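Here the structure is a predicted model, which means the values were calculated and not measured. Just the heavy atoms: all of them, side chains too, but no hydrogens, waters or symmetry mates, feed the values below.
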Amino acid sequence: MSRKYEYAQKLYDEGDFKRANRLYEQIAPQFVGKPQGERVMFFFANSYFEIGDYNVAGYQFERFLKSYPRSDKAAEAAFLGAKSYYMLSPKYSLDQTDTDKALTKLQLFINAYPESEYTVEANAMARELTTKKEQKAFEIAKQFVKLGEYFVLDYNLSGIAALDNFVNDYPGSVYREEALFQKFRAASNLAINSTFRKRKERLDEAVEAYNNLMKDYPETEFAKDAEKLLEDIQEELNKYTELENLAK
C-alpha cells in the first residue's frame with residue numbers, strides 16, 4: 001500500500017493525473033481514518049479535476065469537505081468544487097441547471113472564505129455565469145417580441161411580461177437598455193394592432209415605455225428606432241383622438 005501511495009504521489013507531482021487517479025482510486029478506501037487519508041482524498045478529488053471529469057471532481061471535493069471540514073485545504077477544495085460545476089455550465093441557450101448549481105457553490109465559497117486567494121477568481125466566475133443566465137432570460141423575452149410581429153396579442157403580452165420580469169430580476173444587467181427598448185417595441189406593436197376599445201390605454205402604455213427608456217438611457221443606441229416607433233404611436237394617438245371626436 002505504501003509503495004502504491006508513493007507511486008501515486010510521484011505520478012501526481014509529475015502531472016500524470018490520469019494514472020495517478022487510477023492508483024488513488026485503488027488506495028483511497030484503505031486510507032480512511034489514517035493520517036495520510038486527508039492528503040490522499042484531496043489529491044484524488046483534484047486528479048479528477050485535472051483530467052476534466054468535473055462531475056466526479058465536484059462530488060469528490062464535497063466528500064473531502066464533509067470528511068475534513070477543518071483541513072488546511074478546505075478553502076481550496078471548496079473553490080475547486082465550485083469551479084468543477086462552473087466548468088460544467090453549458091452555453092446560454094441550453095438548460096442552465098448546472099449553471100444554477102455552480103452559482104450556488106460559488107456563492108457558498110465566497111461567503112465562507114471572503115479573504116481567500118481564490119475569491120477574486122470566484123467572483124469573476126460568478127459574474128460570468130450570472131451574465132449567461134441573464135442572456136438566456138433576455139433572449140427568451142426577445143423571441144416573444146419577435147414572434148409578436150406575426151402573432152400580435154399573445155406574444156407581445158408575453159414579451160412585455162417577460163421583459164418586465166427580466167428588468168426586475170436583473171436590474172444591473174448589461175442587457176437592460178435593450179430590454180427597455182424591446183419592451184417599447186412590443187408595447188408599440190400591441191397598441192397599434194389593438195381594438196379601438198383597448199387602443200388608447202395601450203398607446204399610453206407604449207409612450208410610458210418610451211419615456212422609461214429615455215429617462216434611464218437618454219443617449220440610447222436605440223434612439224433612432226425608438227423615435228420612429230414613437231412617431232407611429234403619436235400618429236395613432238392623433239387618429240384615436242379624431243375618431244373619438246367623431247363618435248361624440
**OP:** State, with a plain yes or no, whether a side-chain heavy atom of Leu80 is found less than 4.5 Å away from one of Phe42.
**Re:** yes
**OP:** Say whether Tyr48 and Phe43 are linked into one hydrophobic cluster, either directly or through other cluster members, by side-chain heavy-atom distances under 4.5 angstrom.
**Re:** yes
Original post:
Which heavy atom of Leu163 sits nearest a heavy atom of Gln182, and at what distance?
Top reply: CD1-C, 3.6 Å
Subject >> Within 6.0 Å of CG in Asp72, more than 12 heavy atoms from elsewhere >> reply: no
**OP:** Answer with yes or no whether the side chains of Asp216 and Asn212 bring together a donor and an acceptor at under 3.5 Å.
**Re:** no
Original post:
Is Leu237 linked to Leu190 within one hydrophobic cluster, defined over Ile, Leu, Val, Met, Phe, Trp and Tyr using a side-chain heavy-atom separation of less than 4.5 Å?
Top reply: no
Subject >> Hydrophobic cluster membership, Phe49 vs Phe44, 4.5 Å side-chain cutoff >> reply: yes
Original post:
Among Asp95, Asp169, Asp100, whose salt bridge (Lys or Arg N to Asp or Glu O under 4.0 Å) with Lys133 holds?
Top reply: Asp100
**OP:** For side chain to side chain contact (heavy atoms under 4.5 Å, CB included), just list the numbers for Phe166 and Glu134, CA-CA rounded to whole Å, side-chain angles, deciding distance to a tenth of an Å, and then say yes or no.
**Re:** CA-CA 8 Å; Phe166 177 84; Glu134 290 174 9; 4.1 Å; yes
**OP:** May I ask you to check whether over 12 heavy atoms, not counting those of Tyr155, lie within 6.0 Å of atom OH?
**Re:** no
Subject >> Note: Lys10-Asp16 ion pair, threshold 4.0 Å (strictly below) >> reply: no
Subject >> is_close_aromatic(Tyr85, Tyr54), centroid dist under 6.0 Å >> reply: no
Original post:
Is the charged tip of Lys132 near the ring of Tyr92: under 6.0 Å from the six-membered ring centre and within 45° of its axis?
Top reply: no
Original post:
Okay, side chain of Ser173, backbone of Tyr170: is any donor-acceptor separation there less than 3.5 Å?
Top reply: no
**OP:** State whether the side chain of Thr119 and the backbone N or O of Ser116 hold a donor-acceptor pair below 3.5 Å, judged by distance alone.
**Re:** yes
Original post:
Does atom CZ of Phe222 have more than 12 heavy-atom neighbours, drawn from other residues, nucleotides or ligands, at distances under 6.0 Å?
Top reply: yes
Subject >> Shortest non-hydrogen contact between Ile233 and Ala206, atoms and distance >> reply: CD1-CB, 3.9 Å
**OP:** Look at the side-chain heavy atoms of Ile, Leu, Val, Met, Phe, Trp and Tyr, link any pair under 4.5 Å apart, and say whether Leu129 and Ile110 land in one connected group.
**Re:** yes
**OP:** Could you check Arg39 against Gln36 for side chain to side chain donor-acceptor pair (under 3.5 Å), going step by step and ending with a plain yes or no?
**Re:** CA-CA 5 Å; Arg39 184 179 178 87; Gln36 305 99 318; over 6 Å; no
**OP:** Using atom types as modelled and distance alone, determine if a side-chain donor or acceptor of Asn168 lies under 3.5 Å from a backbone N or O of Asp164.
**Re:** yes
Original post:
Between Gln9 and Asp13, is a side chain to side chain donor-acceptor pair (under 3.5 Å) present by the stated rule, with each step listed?
Top reply: CA-CA 6 Å; Gln9 188 63 56; Asp13 291 340; 3.0 Å; yes
Original post:
Are Tyr113 and Tyr118 near enough that their ring centres are under 6.0 Å apart?
Top reply: no
Original post:
Between Tyr68 and Glu38, which heavy-atom pair has the shortest distance, and what is it?
Top reply: OH-N, 3.3 Å
Subject >> Under 3.5 Å donor-acceptor, Gln96 side chain and Leu94 backbone >> reply: yes
Original post:
Taking all atoms of both residues into account, what is the closest heavy-atom pair of Phe64 and Ala77, and its distance?
Top reply: CD2-CB, 3.5 Å
Original post:
Going by the angle between their ring planes, with limits at 30° and 60°, are Phe181 and Phe184 parallel, tilted or perpendicular?
Top reply: perpendicular
**OP:** Tell me, with the steps shown, if Glu178 and Lys142 meet side chain to side chain contact (heavy atoms under 4.5 Å, CB included).
**Re:** CA-CA 9 Å; Glu178 187 177 355; Lys142 195 160 69 167; 3.3 Å; yes
Original post:
Taking the side chain as C-beta and beyond, is there a heavy-atom pair between Asn111 and Gln107 under 4.5 Å?
Top reply: yes
Original post:
Looking at the rings of Tyr5 and Phe31, which for Trp means the six-membered one, are their centres under 6.0 Å apart?
Top reply: yes
Original post:
Under 3.5 Å, is there a donor-acceptor pair between the Tyr12 and Asn21 side chains?
Top reply: no
Original post:
Can you tell me how far CG of Asn189 sits from CZ of Arg202, rounded to the nearest 0.5 angstrom?
Top reply: 11.5 Å
**OP:** Would you kindly confirm whether Tyr59 and Phe109 end up in one hydrophobic cluster when ILVMFWY residues are joined by side chain heavy atoms under 4.5 Å apart?
**Re:** no
Original post:
Just by distance, do the side chain of Glu177 and the backbone of Glu221 share a donor-acceptor pair under 3.5 Å?
Top reply: yes
**OP:** Taking all non-hydrogen atoms of both residues into account, name the closest pair between Leu65 and Ala78 and its distance.
**Re:** CD1-CA, 3.7 Å
**OP:** Could you check Lys105, Lys101, Glu121, Glu128 and say which one makes a side chain to side chain donor-acceptor pair (under 3.5 Å) with Tyr86?
**Re:** Glu128
Subject >> Expected output: side-chain Asn156 to main-chain Ala187 donor-acceptor under 3.5 Å >> reply: no
Original post:
Roughly how far apart are Ile140 CD1 and Gln135 CD, rounded to 0.5 Å?
Top reply: 11.0 Å
Subject >> Distance, nearest 0.5 Å, that separates NZ of Lys4 from OH of Tyr7 >> reply: 12.0 Å
**OP:** State whether Glu76 and Lys73 are salt-bridged, where the test is any N-O pair (Lys NZ or Arg NE/NH1/NH2 against Asp/Glu carboxylate O) under 4.0 Å.
**Re:** yes
Original post:
Say you draw a straight line from CG of Asp53 to CD of Gln60; how long is it, rounded to the nearest 0.5 Å?
Top reply: 9.5 Å
**OP:** Start with the C-alpha distance between Met41 and Tyr24, add both sets of side-chain angles, then the distance that settles side chain to side chain contact (heavy atoms under 4.5 Å, CB included), and finish with yes or no.
**Re:** CA-CA 8 Å; Met41 199 167 183; Tyr24 283 130; over 6 Å; no
**OP:** State, yes or no, whether a side-chain contact exists between Phe144 and Ile160 at a heavy-atom distance under 4.5 Å.
**Re:** no
**OP:** Tell me, with the steps shown, if Asn211 and Val207 meet side chain to side chain contact (heavy atoms under 4.5 Å, CB included).
**Re:** CA-CA 6 Å; Asn211 290 336; Val207 172; 3.7 Å; yes
**OP:** To the nearest 0.5 angstrom, please state how far the CD1 atom of Ile27 sits from the CZ atom of Arg22.
**Re:** 14.0 Å
Subject >> Closest contact, heavy atoms only, Arg185 versus Leu229 >> reply: CA-CD1, 3.9 Å
Subject >> Leu106 side, atom CG; Thr99 side, atom OG1 - distance, nearest 0.5 Å >> reply: 10.5 Å
